[in-house]
K.L.:
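Have a look at the structure that comes next, please.
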Amino acid sequence: MKVPFVDLKIQYQSIKSEIDAAIQNVINQTSFIGGSEVDKFEVEFAKLYGAKHCVSVANGTDSLYIIMKMLGIGEGDEVITVSNSWISSSETITQTGAKPVFVDIDPVYYSMNENLIEKRINSNTRAIIPVHLHGQMCEMDKIMELAKKHNLFVIEDCAQSHFSELNGVRAGLRGHAASFSFYPGKNLGAYGDAGCILTDDEALSTKFRMFARHGALKKHAHVIEGINSRLDGIQAGVLNAKLPHILDWTRRRIENAARYTERLKGLEDIEIPVVRPDSKHSFHLYVIRTEKRDELAAHLKANGVETAVHYPTALPNLEAYSYLGHEKSDFPVASSYQDRILSLPMYPELTNEMIDHVADSIESFFAKS
Ligand SMILES: *Cc1c(COP(=O)(O)O)cnc(C)c1O
């Protein structure tokens, strides 16, 4: 049996007529940039998510950059983020001219360790970027409390946490603004690059929109210099076709994760994901931990199971950040987990048989080793 890490084809086949019609509609209207599908997506996504404003942009990296620029973050400022994430969470800080300041991850939940934030705050600190990694939310109460105390912005990186919740509040609805990616493999994925910003602050949303559209809200009326970051019509059409299914797909991810957990919880040689109390983990990724990560991955591959690592090098340990002069011992948890974490296949369309095959293969690996 083959179990791919993700399968975007099977999802397409399940809603083929809706996707094809949406794309055809954009072509018929020749509304390749802007147009009704883009307008519709902004309205519908904000409504379904429960945010006041949605500004669509070209991808989930631009969204972080745009938010920081329009919050006035730049040269001389520091922004705190987490040591295990995709590089967008930190490279966009540098792009603004500010300095990325990393904190280690929580040993149980893998996300930013909220207890380590305060000692990294100084008079230059302007913002915190919590990343709700794997679909598991950060401890937002504590982060918002720290931000309030030190007068900092909170920018939630929700690229992996569409529709995740903590204490009944969705990821992205607590901070000043939230960044979403619709990269094809994300929980809500376009058929190319796409992203958006959610915020309840109308004035901020106007700034985001203006900056992302060359600094102009009306054609040729450039109030400032901005950038070109737009969601295109075809991607918006795809996202609109997918939106009616997203809650169902999220539920399926959670069910699939529960089956993995049921099957794997008895195994002594691995750690399985622990869901924060009173939260909804949307399982963009199901990440286990083992001392024999590479051997297990090879065994799974031989059994037809594709796995991945998110991420094999913690951000501060990347060559790109060697200029910061960090040691692995500055981020002991992230640095040790980078060699132990393994992401198992996870998508809504996984079948019970596939999950059982993955679990059987993991069991057989540890039985013989
Ligand atoms: C995917 C991702 C991004 C960037 O999104 P793109 O749309 O690929 O630019 C940012 N942060 C995290 C945590 C991500 O996983």
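Note that ligands are numbered from 1 as they come in the structure, with each ligand's atoms numbered from 1 the same way. For this chain, numbers begin at 1 and follow the sequence in order.
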K.L.:
What I'd like to find out is whether the side chain of Y260 reaches to under 4.5 Å of the side chain of L350, using heavy atoms alone.
P.N.:
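Side-chain contact under 4.5 Å: yes.
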K.L.:
What do we get for Y311 next to ligand 1 when only non-hydrogen atoms under 4.0 Å count, side chain, backbone, both or neither?
P.N.:
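The answer is the side chain.
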K.L.:
Return the residue, atom name and 0.1 Å-rounded distance of the protein heavy atom closest to atom 9 (O) of ligand 1.
P.N.:
T61 OG1, 2.5 Å
K.L.:
Could you tell me whether R340 and E271 make a salt bridge, using a distance below 4.0 angstrom between a side-chain N and a carboxylate O?
P.N.:
no
K.L.:
So between S88, S179, G192, whose heavy atom ends up nearest atom 4 (C) of ligand 1?
P.N.:
S88
K.L.:
Between the side chain of Y49 and the main-chain N/O of F163, is any donor-acceptor distance below 3.5 Å?
P.N.:
yes
K.L.:
Is any side-chain heavy atom of L344 closer than 4.5 Å to one of L264?
P.N.:
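Answer yes - side chains close enough.
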K.L.:
Does a donor on one side chain sit under 3.5 Å from an acceptor on the other, for S36 and Q29?
P.N.:
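Judged by distance alone, the side chains do pair up.
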K.L.:
Check each heavy atom of V131 against ligand 1 and say whether those closer than 4.0 Å belong to the side chain, the backbone, both or neither.
P.N.:
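Only the side chain of V131 comes within reach of ligand 1.
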K.L.:
With heavy atoms of N59 as the reference, note each atom of ligand 1 found under 4.0 Å away.
P.N.:
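Once the distances to N59 are compared, the set is 7 (O), 9 (O).
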K.L.:
Before signing off on this row, confirm whether G60 and ligand 1 have an N or O atom pair separated by under 3.5 Å.
P.N.:
yes
K.L.:
Please determine which of L133, V131, N84 meets the side-chain contact (heavy atoms from CB on, under 4.5 Å) test together with S89.
P.N.:
V131
K.L.:
Quick test: of every protein heavy atom, which one is nearest to atom 12 (C) of ligand 1, and how far off is it to 0.1 Å?
P.N.:
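Closest protein heavy atom to atom 12 (C) of ligand 1: A159 CB, 3.4 Å.
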K.L.:
Would I234 and V57 show up in the same hydrophobic cluster when neighbours are defined by side-chain heavy atoms closer than 4.5 Å?
P.N.:
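In one cluster with I234: V57, no.
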K.L.:
For ligand 1, which atoms sit closer than 4.0 Å to a heavy atom of Q160?
P.N.:
13 (C), 15 (O)
K.L.:
Using a 3.5 Å cut-off on N or O atoms only, is D193 in polar contact with ligand 1?
P.N.:
no
K.L.:
Any side-chain donor paired with an acceptor under 3.5 Å for H284 and S164?
P.N.:
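Side-chain D/A pair, H284 to S164: absent.
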K.L.:
Does this structure show an ion pair linking R251 with E255, if we count only N-O contacts that are shorter than 4.0 Å?
P.N.:
yes
K.L.:
Do ligand 1 and K186 have nitrogen or oxygen atoms that lie under 3.5 Å from each other?
P.N.:
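Yes, K186 has an N/O under 3.5 Å of an N/O on ligand 1.
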K.L.:
Is S85 in polar range of ligand 1, meaning some N or O pair under 3.5 Å apart?
P.N.:
no
K.L.:
Tell me the nearest of G195, S63, S181 to atom 8 (O) of ligand 1, using heavy-atom distances.
P.N.:
S181
K.L.:
Around atom 11 (N) of ligand 1, find the nearest protein heavy atom and jot down its residue, atom name and distance.
P.N.:
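It is D157 OD2, 2.8 Å.
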